[in-house]
Amino acid sequence: MSLSTSNPDHQARNPVTGVRGMNDLLPHETEIWQFMEQGFRLVLQNHGYQEIRLPLIERTELFQHSIGDSTDIVQKEMYTFADRNDESLTLRPEGTAGVMRAVIEHGLFHQPQRLWYMGPMFRYERPQKGRYRQFHQFGVELLGYQGVEADAEIIAISARLWRFLGIDDLKLQLNMLGSEKSRFRYRQVLQTYLRQHAHRLDEVSKLRLDTNPLRILDSKNPEVRAVLEEAPLLDDFLSEEDKLRCSHLCTLLDDMGIDYHKNSRLVRGLDYYDGAVFEWVTTRLGAQNAVCAGGRYDGLAEKIGGSATPAAGFAIGLERLVALLETLNQLPTTSHLHAYLLYTSDQWTSAAFTLAESLRDKLPQLRMMVHCGGGSMKSRLRRADKSKAECALIIGEEELRDSRVQIKHMRSNAETLLIHRDQLAAWLQEHFRL
RNA sequence: GUGGGCGUAGCUCAGUGGUAGAGCACUGGAUUGUGGCUCCAGCGGUCGUGGGUUCAAUACCCAUCGUCCACCCCA
């Protein structure tokens, strides 16, 4: 059997495509991503957080132990493969587990850590609006603080990120899951209640009855939701300490002027959450409405073999945030070129490139594009126009004869200038305040 | 994994059982070396792929792949 890939005809008809659910970010999109990323970096830097960069691949067991064996992510959404030595490895489906692993592994827990990360995550799911197999998260982790001021700090940071980006559309949903002990008691009671109404539950919820009954709480199924109307509330099973933490956190948020909505049905899909959890949601993105989610996970470090360490954090789905920015028309203004250098005929190519190099040497801040690809004068100027440059710098036979350069303003009707090439850099510096 | 919509030019989309069109984009010209506006011309498609029905399929049927949306799940 022979592969047909060497047949050019076959290749022409079947070009290699990208992988399903893994998107290319094309040039017209990267601008908004850079705007967002630079904003994030700045805000986090201003809060004293440091970046951490980690491998995309971890041992599979890391995610099994941290995210939880019974979760959908671990059970059916991970990109898991055997390494050449038969070790089971996995493309990270989220960032927190890796951060905890690295912090434990490198002994960073001797003092609290304020960390952020950004990068691609991988989950094998059917792609949909706001949900892709390779997607990007920006995450923040605050490690080593027991008190709710840590929860308040990360929520305040998230709120500030929205403000920085000019987003006022997101609403904060908040819930208190409580300690493992309170959750366990509630779980029993909820299970008992739901078993009595099992005939009204859908298939998925029935399966969850045994594995993870709390997850049924955020079901979208109307019938299931009807059953939940009468269900016992998690709030009633919280310990005094949990309640105190909750009210303290709410007070802090109130004092900072951060609005929130208490949602007792908000449970998270990853097993490691406990204490306060939150989501920032929008109504503008269809079904995948959570742009940012996080909470406290004091138990996580122990689950992956570290010593008990309090921790809180959140992650932002960047594709979703970009989509939101686009609906809100919060696009940044682009920084256009100052100049487009063109020559009237290809016989002056060398003169043009020589001039360009000397200008770049003298003016490192100069944003200039040099013409490539020949064409008529008309098309050369049209290219200059399309480049959105402020002015065209033109050289041709006449200009070269007496060492001048023509400056043509493309965005105004200001008169065309002829300037000696020795004075061009000075003129550009002055005109564009370089 | 389940359900539904959609695959026609680089992009956005019309269209018909008799092998295809528009707008935008691109190239050239009207304007010997001067963009934008206008006009003219040109380039560009085995109508996703494979099979079936038919004298004839881009159109109808089946399959398959891709894509989008929703379920599920989550950021």
Side-chain angles (χ1 to χ4, degrees), chain A residues 9-10 12-15 17-21 23 26 28 67 71-78 93-96 118-139 158 170 202-205 207-208 212 215 218-222 224 266-270 278-282 285-294 313-324 340 342-345 348 371 373-389 391-400 406-413 416:
Chain A
D9 199 44
H10 176 87
R13 290 180 194 185
N14 301 287
T17 59
V19 177
R20 180 185 182 80
N23 299 318
L26 300 180
H28 71 273
I67 299 171
T71 59
D72 289 87
I73 293 179
V74 169
Q75 286 201 336
K76 52 183 197 189
E77 295 175 4
M78 294 207 303
E94 58 99 45
T96 298
M118 178 154 46
M121 308 293 163
F122 304 85
R123 291 183 201 171
Y124 188 87
E125 302 178 85
R126 194 86 167 249
Q128 170 184 339
K129 188 183 182 75
R131 193 182 73 180
Y132 309 102
R133 289 183 176 182
Q134 174 175 326
F135 62 104
H136 297 79
Q137 287 189 338
F138 175 85
S158 61
L170 291 168
D202 55 30
E203 287 309 308
V204 191
S205 297
L207 284 174
R208 293 227 168 88
N212 199 344
R215 296 296 320 289
D218 60 3
S219 169
K220 286 182 190 171
N221 185 310
V224 176
L266 179 65
V267 290
R268 317 275 17 275
L270 286 65
F278 63 93
E279 270 183 16
W280 288 92
V281 297
T282 175
L285 295 183
Q288 311 303 325
N289 62 350
V291 167
C292 169
F314 65 80
I316 298 171
L318 298 185
E319 280 81 0
R320 293 181 187 179
L321 189 59
V322 166
L324 183 61
Y340 185 97
L342 67 92
Y343 36 102
T344 58
S345 153
W348 316 125
H371 182 81
S376 64
M377 191 62 183
K378 184 192 188 78
S379 76
R380 286 170 202 245
L381 267 166
R382 196 151 47 199
R383 225 73 80 66
D385 187 42
K386 291 255 158 70
S387 79
K388 294 183 175 161
C391 67
L393 305 179
I394 305 171
I395 58 177
E397 193 175 1
E398 288 170 33
E399 288 80 6
L400 288 166
Q406 186 186 150
I407 299 171
K408 181 180 175 68
H409 297 276
M410 304 298 284
R411 312 293 146 207
S412 74
N413 290 322
T416 295

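Per chain, numbering begins at 1; letters A, B, ... match sequence-line order. When reading the values below, keep in mind they use all heavy atoms of this one structure, side chains included, and skip hydrogens, waters and symmetry mates.
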Original post:
Roughly how many Å is it from CZ in Arg133(A) to C1' in A75(B), rounded to a whole number?
Top reply: 17 Å

Original post:
How many Å lie between CG on Asp72(A) and P on C71(B), as a whole number?
Top reply: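 From Asp72(A) CG to C71(B) P: 15 Å.
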
Counting any heavy atom closer than 4.0 Å, what does [X] reach on the DNA or RNA strands: base, sugar-phosphate only, or nothing?
X: Glu398(A); answer: base
X: His409(A); answer: base
X: Glu397(A); answer: base
X: Glu94(A); answer: nothing
X: Thr17(A); answer: nothing
X: Arg380(A); answer: nothing
X: Lys408(A); answer: base
X: Gly375(A); answer: sugar-phosphate
X: Arg382(A); answer: sugar-phosphate
X: Ala384(A); answer: nothing
X: Lys220(A); answer: base
X: Lys378(A); answer: base
X: Leu270(A); answer: sugar-phosphate

[Y] backbone acceptor or donor facing [X] side chain under 3.5 Å:
X: Gln134(A); Y: Asn23(A); value: no
X: Arg320(A); Y: Gly130(A); value: yes
X: Arg123(A); Y: Tyr132(A); value: no

Is [X] close enough to [N] that one of its side-chain N or O atoms is under 4.0 Å from OP1 or OP2 there?
X: Ser376(A); N: U27(B); answer: no
X: Gln128(A); N: A70(B); answer: yes
X: Lys386(A); N: C26(B); answer: yes
X: Arg123(A); N: C73(B); answer: no
X: Thr344(A); N: U34(B); answer: no
X: Arg383(A); N: U27(B); answer: yes

Original post:
Below 4.0 angstrom, N of the basic side chain to O of the carboxylate: do Asp202(A) and Lys220(A) qualify?
Top reply: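 Looking at Asp202(A) and Lys220(A), the cut-off is not met.
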
Original post:
Salt bridge check: are Arg380(A) and Asp385(A) linked by an N-O gap of less than 4.0 Å?
Top reply: no

For atom [atom1], what is the distance between [N] and [M], given to the nearest Å?
N: C37(B); M: C26(B); atom1: P; answer: 10 Å
N: G21(B); M: C47(B); atom1: C1'; answer: 12 Å
N: G33(B); M: A41(B); atom1: C1'; answer: 23 Å
N: C13(B); M: G29(B); atom1: P; answer: 33 Å
N: G4(B); M: G42(B); atom1: C1'; answer: 43 Å
N: G44(B); M: A20(B); atom1: C1'; answer: 13 Å
N: G50(B); M: C68(B); atom1: P; answer: 23 Å
N: A56(B); M: U19(B); atom1: P; answer: 14 Å

**OP:** Evaluate side chain to side chain donor-acceptor pair (under 3.5 Å) for Tyr340(A) paired with His371(A), printing each intermediate quantity in order.
**Re:** CA-CA 7 Å; Tyr340(A) 185 97; His371(A) 182 81; 2.7 Å; yes

Which listed nucleotide ([options]) is nearest to the side chain of [X]?
X: Glu125(A); options: G36(B), A75(B), G33(B); answer: A75(B)
X: Arg20(A); options: G28(B), C72(B), U67(B); answer: U67(B)
X: Arg208(A); options: C73(B), G35(B), G66(B); answer: C73(B)
X: Gln288(A); options: A70(B), G33(B), C72(B); answer: C72(B)
X: Lys76(A); options: G28(B), G33(B), C72(B); answer: C72(B)
X: Arg411(A); options: C73(B), G35(B), U2(B); answer: G35(B)

**OP:** Ignoring hydrogens and angles, answer whether the base of C73(B) and the side-chain atoms of Arg131(A) contain a donor-acceptor pair closer than 3.5 Å.
**Re:**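 Checked by distance alone, the answer is yes.
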
**OP:** Please confirm whether any donor atom in the side chain of Glu399(A) sits under 3.5 Å from an acceptor in the base of G33(B), or the reverse.
**Re:**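 Side chain to base: pair present.
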
**OP:** Run the numbers on Thr96(A) and Leu270(A) for side chain to side chain contact (heavy atoms under 4.5 Å, CB included), then give the verdict.
**Re:** CA-CA 11 Å; Thr96(A) 298; Leu270(A) 286 65; over 6 Å; no

Subject >> Closest-nucleotide 5' rank along RNA chain B - winner of Gly317(A) and Leu285(A) >> reply: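 Result: Leu285(A).
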
Report the base-pairing partner of [N] (Watson-Crick or G-U wobble, both distances below 3.5 angstrom), or none.
N: C26(B); value: G42(B)
N: A56(B); value: none
N: G3(B); value: C69(B)

Original post:
Tell me, do Pro120(A) and His136(A) make a side-chain contact under 4.5 Å, heavy atoms counted?
Top reply: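 Yes, close enough: below the 4.5 Å cut-off.
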
